[in-house]
Peer 1: 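Quick one: the structure is below, and I'll ask about it shortly.
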Protein chains: 2
Amino acid sequence: MAATLRDVAKLAGVSFKTVSNVINDYPHVRPATRAKVERAIAELGYKPNLNARSLRSGRTDTVALAVPELNLSYFAELAGMVIAAAEESGLTVVVEQTGGDRDRELALLRSPRLSMTDGLILSPLGMGQEDAGALDVPFPLVLLGERTFDWPCDHVTMRNVEAARAATEYLLASGRRRIAVIGEYEGEVMGSARLRLRGYREALAAHDVPYDASLVVRATLWHRADGARAMHELLDRDVPFDAVFGFNDTMALGAMRVLQEAGRRVPEDVAVIGFDDLDEAAYSIPSLTTVDPGREWLARTALGTLLERIAETGPKQPPRTELADFTIVERESAPRN
Amino acid sequence: MAATLRDVAKLAGVSFKTVSNVINDYPHVRPATRAKVERAIAELGYKPNLNARSLRSGRTDTVALAVPELNLSYFAELAGMVIAAAEESGLTVVVEQTGGDRDRELALLRSPRLSMTDGLILSPLGMGQEDAGALDVPFPLVLLGERTFDWPCDHVTMRNVEAARAATEYLLASGRRRIAVIGEYEGEVMGSARLRLRGYREALAAHDVPYDASLVVRATLWHRADGARAMHELLDRDVPFDAVFGFNDTMALGAMRVLQEAGRRVPEDVAVIGFDDLDEAAYSIPSLTTVDPGREWLARTALGTLLERIAETGPKQPPRTELADFTIVERESAPRN
DNA sequence: GCAGAATTCTACAACGATGCAAACCGGGTT
DNA sequence: AACCCGGTTTGCATCGTTGTAGAATTCTGC
């Protein structure tokens with residue numbers, strides 16, 4: 001059995017509360033006593049029982065992070081960043097996968113498992129405006145990555161519309177006019193899809209390029225295979241296009257693969273731009289031009305915001321929205337000119 | 001404040017212990033009482049405080065999973081599988097990143113944070129034989145992915161030597177003779193590197209192909225960029241080669257990219273085979289032939305083994321080793337013929 | 001050498017749950 | 001009518017820690 005405060009206390013010949021005081025750096029402990037206790041701690045290899053500490057103090061120093069799935073590189077890299085940032089603050093992270101499923105997202109918000117955490121960072125995909133009520137929870141909650149709706153909690157998110165518009169304008173500036181889009185999802189559940197589509201349309205409108213629905217291909221899950229499937233569909237439609245905007249890198253890469261199988265040269269025949277700036281984007285053939293939505297900042301800010309909420313004592317502050325800056329990363333699949 | 005057992009009890013007009021009995025499905029509760037209590041639970045939205053439960057019962061229903069970094073797709077996908085499997089058993093998973101760093105791995109094994117978990121699944125990279133003692137820990141521990149050493153705990157791992165040998169023989173069978181290797185790491189810390197190199201050499205020996213050290217390129221971290229760097233180094237050496245065996249997919253993909261930049265055709269000039277069977281391998285250009293080390297099985301078995309250890313009551317059983325079956329997944333970068 | 005103030009240490013009560021054992025409550029035996 | 005016996009319910013101790021309040025000790029100044 002692991003040693004407890006009392007074991008240490010007995011060995012050191014003090015009361016167990018004194019040991020607790022030593023551990024918590026209570027100022028009024030005589031150096032000699034402290035040394036004695038520390039020796040006993042070392043000798044027994046004592047480690048505090050964090051469960052007991054949490055029960056007593058109400059703080060768990062653990063946060064939950066819920067993403068659709070780690071299988072999607074975007075979320076894997078994001079999760080890695082959140083965990084690394086948490087580690088710096090001495091926090092533990094429990095990771096949950098929702099599969100982007102509304103019911104699982106809602107279930108998570110009500111889960112007793114959250115009683116083991118101080119708060120939750122949620123990347124929702126399935127929930128919609130009708131679920132706003134479910135977000136009014138009695139614990140700190142930060143939404144990461146969406147901002148479609150008027151929801152009663154903090155958001156840390158990216159400039160989806162502006163970034164998509166910039167990506168589209170980038171393609172337009174390089175002379176492309178028939179720009180296909182992969183990842184639209186009319187179900188309207190997935191916030192980013194709608195927002196990025198809006199940015200795309202704004203760019204077209206600003207440049208007097210007509211919007212052509214036959215260039216828009218839907219994809220619900222945003223996996224590599226979805227991008228591939230979408231590109232097959234686009235090719236089957238037999239409409240001309242000279243560029244593709246994938247709503248995420250993974251789909252763009254899947255699409256690029258199919259494109260090249262079909263004999264189209266990238267970027268000569270078709271320019272391809274993605275969204276996310278995954279590690280992988282720099283090493284595909286050709287390397288993928290993409291939008292860096294500011295992930296590192298997103299991860300750190302989401303955690304920072306959550307920690308502020310956790311530390312908050314007085315009356316609840318109104319929800320805040322934090323927006324990351326994006327940049328376009330030029331690579332081979334869509335050269336600037 | 002969240003409702004407690006006592007709040008529910010007061011509302012239902014029973015003792016708080018009866019509420020506890022209802023929650024724990026204690027058999028001798030009158031249906032009428034049970035209904036009354038359940039109504040009160042619903043009305044208050046009572047959720048058990050898992051910290052308190054853990055403190056009392058000693059079980060946390062949480063396990064820790066430590067991987068080098070989620071940034072590496074292999075570990076991200078693996079982590080996703082472990083979490084999904086845990087979810088099925090009603091377990092929570094806390095994810096830690098060690099960076100493959102020995103000191104952080106060792107620190108983790110001694111971390112008080114583990115007192116919040118029932119056990120640990122560790123994917124060690126940095127530790128060596130001299131650290132065997134550190135693995136003799138007072139909690140359930142399963143090593144996932146390495147089996148270089150004689151360590152006093154359960155291992156769930158892959159057939160590194162056999163799989164690497166099979167991959168090499170696959171290339172040999174397709175007529176390649178100058179097979180380069182990327183990912184060797186003489187530091188000998190990283191078990192897989194040594195084992196896969198051994199498999200490679202065994203295959204060569206079995207087919208009377210001489211081992212040529214100038215075909216072996218080291219890489220310590222196994223990222224995409226490491227594969228790219230290694231391939232640059234190999235090209236600089238200016239030795240002829242007609243195939244490349246990347247010790248993981250990520251490096252193989254990075255290398256393949258450089259190879260094509262340099263004008264070598266894959267697979268005509270150089271066949272490429274990887275190791276891991278990432279999602280991504282099916283969508284690269286060309287798609288990547290690789291070894292599927294049985295990851296899904298590894299993830300499930302690691303968790304299953306850990307759960308068995310956790311459930312274990314009597315004297316500690318001797319450590320076990322579980323080995324996954326591998327398969328070679330033929331794709332374009334290295335056709336069978 | 002002693003009062004009074006500081007410092008250092010300790011006792012006790014939580015935190016919210018579970019395990020154990022005892023108490024209760026009817027109906028069937030004797 | 002006392003007794004026993006399941007099924008049901010309850011009270012108490014406990015898990016390992018921290019907060020509060022007060023007791024014990026040491027220090028200070030005269």
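Labels below follow one simple rule: chain letters A, B, ... track the order of the sequence lines, proteins then strands, and each chain is numbered from 1. Bear in mind the structure is a predicted one, so any value in this text is a computation, not a measurement.
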Peer 1: Taking all atoms of both residues into account, what is the closest heavy-atom pair of B:Tyr46 and B:Ile23, and its distance?
Peer 2: CE2-CD1, 3.3 Å
Peer 1: Report the distance from atom CZ of B:Arg59 to atom P of C:dG19, rounded to the nearest whole Å.
Peer 2: 12 Å
Peer 1: Could you check how far CD1 of B:Ile23 sits from P of D:dT10, rounded to whole Å?
Peer 2: 14 Å
Peer 1: Can you tell me if the side-chain N/O atoms of A:Ser20 get under 4.0 Å from OP1 or OP2 in D:dT18?
Peer 2: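 Indeed, a polar side-chain atom of A:Ser20 lies that close.
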Peer 1: For C:dC9, does OP1 or OP2 lie under 4.0 Å from any side-chain N or O of A:Thr18?
Peer 2: no
Peer 1: Considering only NZ, NE, NH1 and NH2 on the basic side and carboxylate oxygens on the acidic side, decide whether A:Arg300 and A:Glu296 come within less than 4.0 Å.
Peer 2: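 A salt bridge is present here (some side-chain N lies under 4.0 Å from a carboxylate O).
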Peer 1: Answer yes or no: is there an ion pair linking A:Glu322 with A:Arg320, defined by an N-O contact shorter than 4.0 Å?
Peer 2: yes
Peer 1: Can you find an N or O donor on one side and an acceptor on the other, under 3.5 Å apart, linking the side chain of A:Lys47 with the base of D:dG16?
Peer 2: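 Per atom types, no contact qualifies.
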Peer 1: For B:Tyr26 and for B:Leu55, locate the closest nucleotide of DNA chain D by heavy-atom distance; then report the residue assigned to the nucleotide nearer the 5' terminus.
Peer 2: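 Its nucleotide being nearer the 5' end, the pick is B:Tyr26.
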Peer 1: Within the structure shown, what part of the strands sits under 4.0 Å from B:Thr33 by heavy-atom distance: base, sugar-phosphate, or nothing?
Peer 2: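 Sugar-phosphate, no base atom in range.
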Peer 1: Please tell me which of the listed nucleotides, D:dT17, C:dC9, D:dT20, lies nearest to the side chain of A:Lys17?
Peer 2: D:dT20
Peer 1: Between A:Arg104 and A:Glu96, does any side-chain N to carboxylate O distance fall below 4.0 Å?
Peer 2: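 Looking at A:Arg104 and A:Glu96, the cut-off is not met.
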Peer 1: Tell me the interatomic distance from B:Phe16, atom CZ, to D:dT10, atom C1', rounded to whole angstroms.
Peer 2: 9 Å
Peer 1: So, B:Arg309 and B:Glu312, do they make that salt bridge, N to O below 4.0 Å?
Peer 2: yes
Peer 1: Starting at CG of B:Leu5 and ending at P of C:dT18, how long is that distance when rounded to a whole Å?
Peer 2: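 Taking CG of B:Leu5 and P of C:dT18, I get 6 Å after rounding.
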Peer 1: Taking the minimum atom-to-atom distance to the side chain of B:Arg6, which one of D:dG16, C:dA17, D:dT18 wins?
Peer 2: C:dA17
Peer 1: Ignoring backbone atoms, establish whether B:Arg53 has a side-chain N or O less than 4.0 Å from OP1 or OP2 of C:dG16.
Peer 2: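 Checking C:dG16 against B:Arg53, no side-chain N or O comes under 4.0 Å of OP1 or OP2.
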Peer 1: Nearest whole Å is fine: how far is D:dC15 C1' from B:Arg56 CZ?
Peer 2: 6 Å
Peer 1: Select one nucleotide: of D:dT10, C:dA11, D:dT8, the one nearest the side-chain heavy atoms of B:His28.
Peer 2: D:dT8
Peer 1: For DNA chain D, whose closest nucleotide is more 5', that of B:Ser57 or that of B:Pro27?
Peer 2: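 So the residue in question is B:Pro27.
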Peer 1: Pick base, sugar-phosphate or nothing for B:Asn21, based on heavy-atom distances below 4.0 Å to the nucleic acid.
Peer 2: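 Base, at least one base atom sits under 4.0 Å.
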Peer 1: Whole Å only: how far is the CZ atom of A:Arg34 from the C1' atom of C:dC9?
Peer 2: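 Value for this atom pair: 13 Å.
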Peer 1: State, yes or no, whether a side-chain contact exists between A:Asp154 and A:Leu141 at a heavy-atom distance under 4.5 Å.
Peer 2: no
Peer 1: Using whole Å, what does the distance between atom P of nucleotide C:dC25 and atom CZ of B:Arg30 come to?
Peer 2: 11 Å
Peer 1: Hey, is the side chain of B:Ser15 poking within less than 4.0 Å of OP1 or OP2 on D:dT9, counting only N and O atoms?
Peer 2: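 Answer is no, no contact under 4.0 Å.
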Peer 1: To the nearest Å, give me how far apart CG (A:Leu50) and C1' (D:dT17) are.
Peer 2: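 Distance, rounded to whole Å: 10 Å.
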Peer 1: I want to check one thing: is the phosphate of C:dT18, taken as OP1 and OP2, less than 4.0 Å away from some side-chain N or O of B:Asn24?
Peer 2: yes
